[in-house]
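Quick caveat, the model's predicted, so the values are computed rather than measured. Chain letters run A, B, ... following the sequence lines, proteins first and then strands; every chain starts at 1.
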Amino acid sequence: MPQVTFKVWRGNKDAGEFKDYQTDITEGMVVLDAVHQIQAESAPDLACRWNCKAGKCGSCSAEVNGNPRLMCMTRMEDLPTDQPVTIEPMQAFPLIRDLVCDVSWNYEVKKKIKPFKPRKPDNEDGTWNMVQEDVDRVQEFRKCIECFLCQDVCHVLRDHHKHEEFIGPRFFIHNAQLEMHPLDTEDRLGDLKDDNGLGYCNITKCCTKVCPEHITITDNAIIPLKERVVDEYYDPIKKLFKMFKPKKPDAAAGK
Amino acid sequence: MSQTPLSLPQQRKMGQTSRKDAWWLQPLVVFLGLSAFIIYANWAAFQASNYEHGAYLSPMYSPLLFEAPTQAAIKAETLGADAHMSHHSWFGAWPSALQPSWVPGWMLSPALIILIFPAGFRLTCYYYRGAYYKAFWADPINCAVGEPRNSFRGENFWPLLIQNIHRYFFYAAAVYIFILAYDAWVALWHAPAGTNLSYNEAAATGQLEFGLGVGTLVLTLNVILLGGYTFGCHCARHFAGGKHDHLSKVPTGKKAYECVSCLNRNHMKWAWTSLIWVGFTDFYIRMCAMGIWSDWRLF
Ligand code: SF4
Ligand code: SF4
Ligand code: FES
Ligand code: FES
């Protein structure tokens, strides 16, 4: 393959611009290889975060030609190389330098989600009995590598900066994983409705489209959670029934 | 969520993006497709006539609670004073108490009474919501493309909080599927060929004969597509098992959940094919009724 021009974002949180770099592309290269080659050849101070180069650590998230992608999983042969390839940092988080963002907001969000609270063990030796089909659903969510590309593309964060009121698709996945777990007894629906801003999601499915783990975020996690919130807080007939049927104090047997 | 305000990159302007693909194409297609349907459906609903042809009843007018006065007038003109009441009408003629003289005839359309449910169902459907927020409100116009407005309330506040009513429209839509299935069954019974009997006369005297016309196939496919769309609804999925943490103990059985999930995976495709086909079904029957083309009887 020929020499390709890359427009790479250079700068910090206060200022920055796209800078052009040329480098040779050979067969099998991914965007992260090209970035490393640019570092080696012409920009040793270009900041970029990476670790596994196998799509499993979620470190190399960036935007390639405007699409949130893992740089290590984006093959050069899949991009049009007759025009410059743009590489820029994620837009939903504060920039540290060049392609590196400060994603620590996500860690703070996660700390606030009520943790797993299993029911009492089923057996004397402290173990539980589970059926595979009860955990099939949550296993999809466990594939998440926390690359935060879904957070980056979600317009509620990216364009509307609702970081104070909205936890983003990654953490709806996390909530769904806990809420649908057959052993869990915690109730997170009130938090989802009030503090976590589930209602801000307007089902654009952008998060689902960018997830490198192909998690069906919107259909399998967010909408099912929205339906559970409707059950609990918005369905007038359900509400009526609940008035006559007081909640049991301990949902120890699971839901 | 964070303690200190985040210093985030500047918000992008409307349409600003580094995307190089034709990102505007998808919202444009959705905009044109939905607009075309809305225009046709409104036109068809306000016709208040030509909604039935023999055994066929347009799905946009089903259930036909009352015969539209406009349709009754056309019949009286073409068939004479003793023209039979539509066999499809549930409660006969349009009640005169509901026919104030100042209301124009096209307003007295039976479609307007019943379309509220399918229209509400589609309007509050999770798939369509995502699609029309993009295509009609540019919020966002497409993924990773700048938006026209900075403020955003999502579905977190009124008026869009009303979208949570979707399950009630689902209940109504599910009933409609059975009504439309009945219409497809009715479409199998025609006026006997080779006689002068009109459909309504044959129906009134129990002389209908079994037969299959192109219209029967059109109506059958219509109910299949609408069924696939309706029973693949996210609310159906929730009721069939989504709300339970122990899928293995779901009363309807795990099969029901899997079945709904299977339809749900292609919800968008069901949504579009059923939308287009319901429009076409009305159009097909309308053209038959207007005499523009005639239905072809296979047997
Ligand atoms: S579907 Fe919801 S969470 Fe996902 S990107 Fe769109 S608005 Fe954000
Ligand atoms: S859900 Fe997908 S896109 Fe979001 S953080 Fe996890 S792996 Fe990344
Ligand atoms: S370097 Fe680990 S995901 Fe790309
Ligand atoms: S989600 Fe589309 S019809 Fe219910």
Side-chain angles (χ1 to χ4, degrees), chain A residues 13 63 65-68 80 83 86 88-89 91-95 104-105 108-109 112 131 133-134 136-137 152-153 155-156 158-165 167 179-182 184 197-206 209-210 218-219 223-224 226-231 234-235 254-255, chain B residues 1-3 5-12 17-21 23 126-131 133-134 137 139-140 142-147 149-157 160-161 163-168 234-235 237-239 242-249 254 261 264-265 267-268:
Chain A
K13 70 176 172 42
E63 299 193 359
N65 282 349
N67 292 308
Q83 40 184 326
T86 62
E88 55 197 313
Q91 299 295 307
F93 308 112
L95 182 62
S104 57
W105 169 80
E108 298 307 315
V109 170
K112 291 182 184 157
V131 190
E133 60 192 66
D134 285 349
D136 279 343
R137 245 183 336 188
D152 177 43
V153 80
H155 74 134
V156 184
R158 179 190 184 89
D159 295 298
H160 300 297
H161 296 179
K162 296 272 181 213
H163 295 69
E164 300 284 334
E165 303 159 73
I167 60 174
E179 276 296 301
M180 294 178 189
H181 198 290
D184 183 68
L198 184 64
Y200 276 119
C201 163
N202 65 347
I203 330 152
T204 62
K205 301 199 182 182
C206 296
K209 274 185 214 137
V210 301
T218 322
D219 286 349
I223 296 175
K226 279 184 180 253
E227 281 300 309
R228 286 179 181 215
V229 168
V230 177
D231 265 355
Y234 296 122
D235 187 327
K255 287 159 268 172
Chain B
M1 294 295 154
S2 59
Q3 304 309 315
L6 298 173
S7 110
L8 294 162
Q10 222 189 353
Q11 279 161 293
R12 297 190 179 196
T17 182
S18 304
R19 280 179 66 168
K20 294 197 160 83
D21 54 337
W23 56 264
Y126 284 101
Y127 162 68
Y128 282 113
R129 271 143 75 178
Y133 290 140
K134 278 188 190 146
W137 196 240
D139 212 355
N142 209 335
C143 309
V145 180
E147 295 182 18
R149 289 165 295 266
N150 282 344
S151 66
F152 180 70
R153 293 155 63 86
E155 299 183 340
N156 221 15
F157 306 93
L160 288 184
L161 210 52
Q163 304 280 30
N164 289 313
I165 204 172
H166 183 56
R167 55 180 58 183
Y168 286 93
H234 281 279
C235 295
R237 193 176 185 219
H238 177 69
F239 300 134
K243 62 181 180 173
H244 297 283
D245 292 346
H246 295 88
L247 274 178
S248 55
K249 293 185 198 147
K254 199 175 163 249
S261 299
N264 182 268
R265 268 192 286 281
H267 195 51
M268 179 185 84

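The closest donor-acceptor contact from the side chain of A:Arg137 to the backbone of B:Gly242 lies under 3.5 Å. Panel note: side chain B:Glu155, backbone A:Gly199; no donor-acceptor pair is recorded below 3.5 Å. Between the side chain of A:Asp134 and the main chain of B:Ser248, a donor-acceptor pair closer than 3.5 Å is present.
Using a 4.5 Å heavy-atom cutoff, the side chains of A:Asp231 and B:His238 are in contact. Between B:Asn156 and A:Glu165 there is no side-chain heavy-atom pair separated by less than 4.5 Å. Considering only heavy atoms from C-beta on, A:His181 stays 4.5 Å or farther from B:Asp245 through its side chain. Proximity of B:Asp139 to A:His160: side-chain heavy atoms (C-beta onward) are separated by under 4.5 Å at one or more points. Here the side chains of B:Lys20 and A:Thr86 are in contact, with some heavy-atom distance below 4.5 Å.
The two residues A:Ala92 and B:Leu8 have their closest heavy-atom pair at O-CD2, 3.2 Å. Listed here is the closest heavy atom pair of B:Arg237 and A:Pro224: NH1-CG, 4.5 Å. Heavy-atom minimum distance, A:Val153 versus B:Cys143: CG2-CB, 4.0 Å. Scanning all heavy atoms of the two residues, the minimum distance from A:Pro182 to B:His246 falls at O-NE2, 3.2 Å.
If you measure heavy-atom distances from A:Asp136 to chain B, the contacts under 4.5 Å come from the side chain alone. Looking at B:Arg265, neither its backbone nor its side chain comes within 4.5 Å of chain A, counting heavy atoms on both sides. Only the side chain of A:Tyr234 comes within less than 4.5 Å of a heavy atom in chain B; its backbone stays farther off. If you measure heavy-atom distances from B:Leu161 to chain A, the contacts under 4.5 Å come from the side chain alone. If you measure heavy-atom distances from B:His234 to chain A, the contacts under 4.5 Å come from both the backbone and the side chain. When heavy atoms are compared at a cutoff of 4.5 Å, B:Ser261 does not approach chain A at all. Both the backbone and the side chain of B:Phe152 have a heavy atom closer than 4.5 Å to some heavy atom of chain A.
Considering only heavy-atom pairs separated by less than 4.5 Å from chain A, the leading option among B:Arg149, B:Gln10, B:Arg12, B:Gln163 is B:Arg12. Note on A:Val131, A:Val230, A:Ile223: by heavy-atom pairs under 4.5 Å with chain B, the leading option is A:Ile223. Across B:Cys235, B:Ser151, B:Gly146, B:Pro9, the residue that shares the most heavy-atom pairs under 4.5 angstrom with chain A is B:Pro9.
Using modelled atom types, one finds no donor on one side chain facing an acceptor on the other under 3.5 Å when comparing B:His267 with A:Asp219. No hydrogens or angles considered: a donor-acceptor pair under 3.5 Å links the side chains of A:Glu88 and B:Ser18.
A search for side chain to side chain contact (heavy atoms under 4.5 Å, CB included) contacts involving B:Arg153 returns B:Phe157, not counting sequence neighbours.
Rounding to the nearest 0.5 Å gives a distance of 14.0 Å between NZ of B:Lys243 and CE of A:Met180. Here B:Tyr127 contributes atom OH and A:Lys205 contributes atom NZ; the two are 8.0 Å apart, rounded to the nearest 0.5 Å. Note: A:Lys226 NZ to B:His166 NE2 = 12.0 Å, rounded to the nearest 0.5 Å. A distance of 5.5 Å separates CD of B:Glu147 from NE2 of A:His155, quoted to the nearest 0.5 Å.
A 6.0 Å sphere centred on NZ of A:Lys13 holds no more than 12 heavy atoms belonging to other residues, nucleotides or ligands.
Using a cutoff of 4.0 Å between basic side-chain nitrogens and carboxylate oxygens, A:Asp235 and B:Arg167 are scored as salt-bridged.
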